[in-house]
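The structure appears below as structure tokens.
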Amino acid sequence: MNRQRAADLPHTNPLRDPRDRRLPRVPEPCALVVFGVTGDLARKKLIPAVYDLANRGLLPTDFVLLGFARRDWDHGAFEDVAKNAAREHSRTPWRQDVWRRLIGNIKFVPGAFDDDAAFDQLAATLGQLRDSHGIRGNAAFYLSVPPTMFPVVLRQLARTGMADNDRSGGWRRVVVEKPFGHDLDSSRELNALVDDVFTAPDVFRIDHYLGKETVQNLLALRFANTLFEPVWNANYVDSVQITMAEDVGIESRAAFYDRTGAARDVLQNHLLQLLALTAMEEPVEFTADAIRTEKLKVLRAITLPRDLADAAVRGQYAQGWLAGERVNGYLQEKDVPAESTTETFAAVRLGLGTRRWAGVPFYLRTGKRLPRRVTEIAVVFRQAPHLPFVATDTEELGHNQLVIRVQPDEGVTMKFGSKVPGSTMEVRDVAMDFLYGEQFTESSPEAYERLLLDVLLGDATLFPRNDEVEASWRVIDPLEEFWTGTQPFQYRAGEWGPKEADQMLGRHGRRWRRP
Amino acid sequence: MTTLWDTSGTAVVKALAAERRSGGSMTSGCVLTLVVVVDEKDVHEAEEAAARAAQAHPLRLLIVIRRQIETPVPRLDAEVTIGGRLGPGEAVVMRMYGRLGLHAESVVLPLLAPDAPVVTWWHAQPPDLIAHDPLGVLADRRVTDSSLAADPRAALALRANDYAPGDTDLAWTRTTAWRSDLASAFDTLRCRPTAASVQGGDTDPSALLLAGWLSSRLATPVSVQAGEGYGIDGVRIGLEDTHDLLLCRSNGDHVVLQRAGAADSTSPRAERDLGDLLAEELRHLDADQPYGEALGAAFGLADLTNRPPTRVHIWHDPMQQTATPEPAGPSRTAGARRDRPAP
């Protein structure tokens, strides 16, 4: 076969065999360019994730980590910063020889985001690395920058041609962190810009919840088993509760948080994504497009109740006690305006206009300064239509529940009635736990580790698409409009939200599950 | 921990249940049963490796030590632990004396975790035919280690002749890092490989399997060239129109990749201990077809992967084989027990 033909053939690697599951998926040679590499996210998550990937042998031989930030550093100074970050925050044990291999492959370009010269320098550096480090024009750009800087950086990438697949002769991908806009219009604008600078399939919107093992396990649980799917519908399900609680306050993010609030910060992305995965139909195949198509259908089918006063509650934490310590209220936090009406707690009831879910309320809640950090999805089943027992025998029998614990203690809990041992018939709820960490004790990779690897491999399964983001904003916008000009209800720090949130369920004969 | 002397299988089952109740873990998770067949002199090593693997996979561990088959009176001693030196799960160490060793399955069967896969690992010389050992017949996956044999090449050849889907050998597990690096190097290769060779011990089973794998995947003959010592030293791939690709060991714990048009790259290659290898084996509980193909290619046997996956037990009494007398029983009987606490 002559040379010309060989080059034209689609390249298949004869040593890759789908049956050979011992060999890990390793990305092609590439560079990871991190904007805002001095930020918290880069130090605590991204750089340690790069080290962990290297330690597990999942990075290609030719790999460069390129930092960009407004610091007067050379490559060496950045290397030290990166080393400290990796050492302090990595999940896997520290091995000097793994780091030594990364050393020559860590580069830094100083500059501000509006500095044309710095971006020209960055483009030139990438060009050099192509030859000196064999990265072949492949690069992923990670935008770990404040949302206001997104457009600035994106325009710079467009101007220098760095975002152009054809010009670079490889692939160019971009990773965007939430928030993806602050309402439907702004997200459309942002999506249009980023999809225009890069091509739509090359845009990866990170929602780190989707990188968690249990979230992926939810798909296995639902679609690999026969046990759950038959009851996964309005005939058997009474309601679904999705909770994401944090015990921390807003920490040092007052400026960002006061503009954003819990609904935009968490409800719009994490909670709606979890809802989509819980409620979606079976994808025709397990590919990025098929899964995202099904998620989009669910997000589009979300309906808001006509009377929002009955279905949406927002709260703001007041001074209180949490985990044995006295903590400030939201209004006393540093840099928060004294008359702020930003919510730190949001609870809503959503409906789904599909045959499978019609009439089943989906309760979503999120909040800060709640008693503990926990994220879970609880599918609450209807009670049996007829109980052949004497009423007093089943007084302690509640609804059957299937709870997917996303964090911490990743796993699944099943709650069902069982006879109390003894000579009388008495039925009481018991919980059966599947602890993910026990059953498969290999420690699960950090979400960022998994997602970074997927970006470099070009696997978009776990990343929401632009239309999903827009469909989510379509749910949030009316809520924000409804809440505008109202005062959030107060709740004491260390409580499970304002009592109005309990009443919201109580009016319909339900109550929140205590996670 | 419960220690039982001169006991019966039923008593062991009861002891395990009692141990579980007192430990409070009534619904402990368990995805498989690992049966370890080992000689007394290697028990410590096997225990350490199995405990290590148990960290990664929640398993029930059953260690079987057959001793003194010529002893006229059969006898069973057992030690039952949950969470201790044998890892976080349930573990039973059983010493079987006399002809009980030939009927080990009678003790092991009731101890298997219900409806969970069984993996049998010989950290000892496996039988010439796996079908001779009932502990191999009842297993879904069988793991041997040819590198332990005096003649590893012959030992691997024996495994090839006796192969059934579900068998693997730790010599294959030792090639994973090499195979992974090679597959990764091929990801960016744009021209055809024309020849390949493996440098390493020419009787080393890992080198033979790596060569077998390359020839089965590349459809070209692959030679094994005697290298400096033990294990795999390197791999050379001849390419159609550029220089050869060379992946070789350097400084003991590193490997260097040499390619045309790119700088050499060195990466660390941490030595994996027995426990790591075993943990890798336990990750996948279905038949490993690439291993079957590599083994077949290494010994010129076709269609290994199409053989039936189950075996039927063939009665085999080592006492009746005069041609190959059993080695004398271990002499350090007392020493092996010294670290056992009193019951």
Side-chain angles (χ1 to χ4, degrees), chain A residues 1-3 5-9 11-30 54-55 57-63 93 95-102 104-105 131-136 138 411 430-443, chain B residues 25 27-31 54-59 87-89 172-173 175-177 179-193 213-214 216-219 237 240-241 253-254 257 259 261-263 265-270 279-281 283-284 286-291 293 305:
Chain A
M1 180 166 299
N2 66 36
R3 205 180 173 136
R5 275 292 305 284
D8 291 344
L9 280 174
H11 176 65
T12 52
N13 181 345
L15 299 186
R16 293 256 178 236
D17 177 355
R19 298 168 308 165
D20 195 347
R21 287 175 300 150
R22 293 175 193 246
L23 303 190
R25 302 190 301 171
V26 178
E28 294 174 29
C30 61
N55 202 358
L58 297 179
L59 285 184
T61 321
D62 305 304
F63 173 82
R95 278 162 54 195
Q96 189 60 34
D97 52 352
V98 170
W99 185 256
R100 208 177 303 134
R101 192 197 138 200
L102 277 175
N105 300 340
D131 301 322
S132 65
H133 286 68
I135 58 163
R136 295 163 189 261
N138 299 331
V430 294
M432 186 167 78
D433 278 339
F434 164 77
L435 198 61
Y436 209 68
E438 185 197 349
Q439 209 71 183
F440 300 97
T441 38
E442 185 187 24
S443 67
Chain B
S25 57
T27 54
S28 92
C30 180
V31 293
Q55 304 283 351
H57 307 278
L59 49 80
W172 172 245
T173 325
T175 65
T176 304
R179 298 193 303 118
S180 160
D181 284 354
L182 284 169
S184 182
F186 266 68
D187 277 339
T188 51
L189 216 55
R190 289 289 178 270
C191 46
R192 275 162 196 285
W213 176 67
L214 282 171
S216 74
R217 299 304 304 173
L218 302 180
I237 309 280
E240 196 175 40
D241 38 34
D253 56 354
H254 285 73
L257 176 65
R259 295 162 296 182
S265 73
T266 306
S267 46
R269 169 73 62 78
E280 182 189 313
E281 275 311 310
R283 268 194 81 82
H284 307 293
D286 51 345
D288 187 342
Q289 297 99 336
Y291 167 70
E293 286 165 10
T305 51

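Sequence lines set the chain letters: A, B, ... in the order given, protein chains first and strands last, and positions in each chain run from 1.
- Of the charged side-chain nitrogens involved, at least one lies within less than 4.0 Å of a carboxylate oxygen, so that B/D286 and A/R21 count as a salt-bridged pair.
- Looking only at side-chain heavy atoms (C-beta outward), B/T266 and A/R100 stay at 4.5 Å or farther from each other.
- The CZ atom of A/R16 sits 6.0 Å away from atom OG of B/S184, with the distance rounded to the nearest 0.5 Å.
- Of the two parts of B/S216, neither the backbone nor the side chain holds a non-hydrogen atom closer than 4.5 Å to a non-hydrogen atom of chain A.
- Only the side chain of A/D62 comes within less than 4.5 Å of a heavy atom in chain B; its backbone stays farther off.
- In this structure, A/R22 and B/D288 have side chains that are in contact, with non-hydrogen atoms separated by less than 4.5 Å.
- Note: B/R269 CZ to A/D97 CG = 12.0 Å, rounded to the nearest 0.5 Å.
- For chain B, the option among A/D17, A/V26, A/V98, A/D131 with the highest count of heavy-atom pairs below 4.5 Å is A/D17.
- Contacts between B/T176 and chain A at a heavy-atom distance below 4.5 Å involve backbone atoms as well as side-chain atoms.
- The two residues A/R101 and B/S267 have their closest heavy-atom pair at CD-CB, 3.5 Å.
- Here the closest non-hydrogen pair linking B/A183 and A/L23 is CB-CD1, 4.0 Å.
- Proximity to chain B (any heavy atom under 4.5 Å) is restricted, for A/R136, to the side chain, taken from C-beta onward.
- Looking at heavy atoms from C-beta onward, B/D187 lies out of side-chain contact with A/L15 at the 4.5 angstrom threshold.
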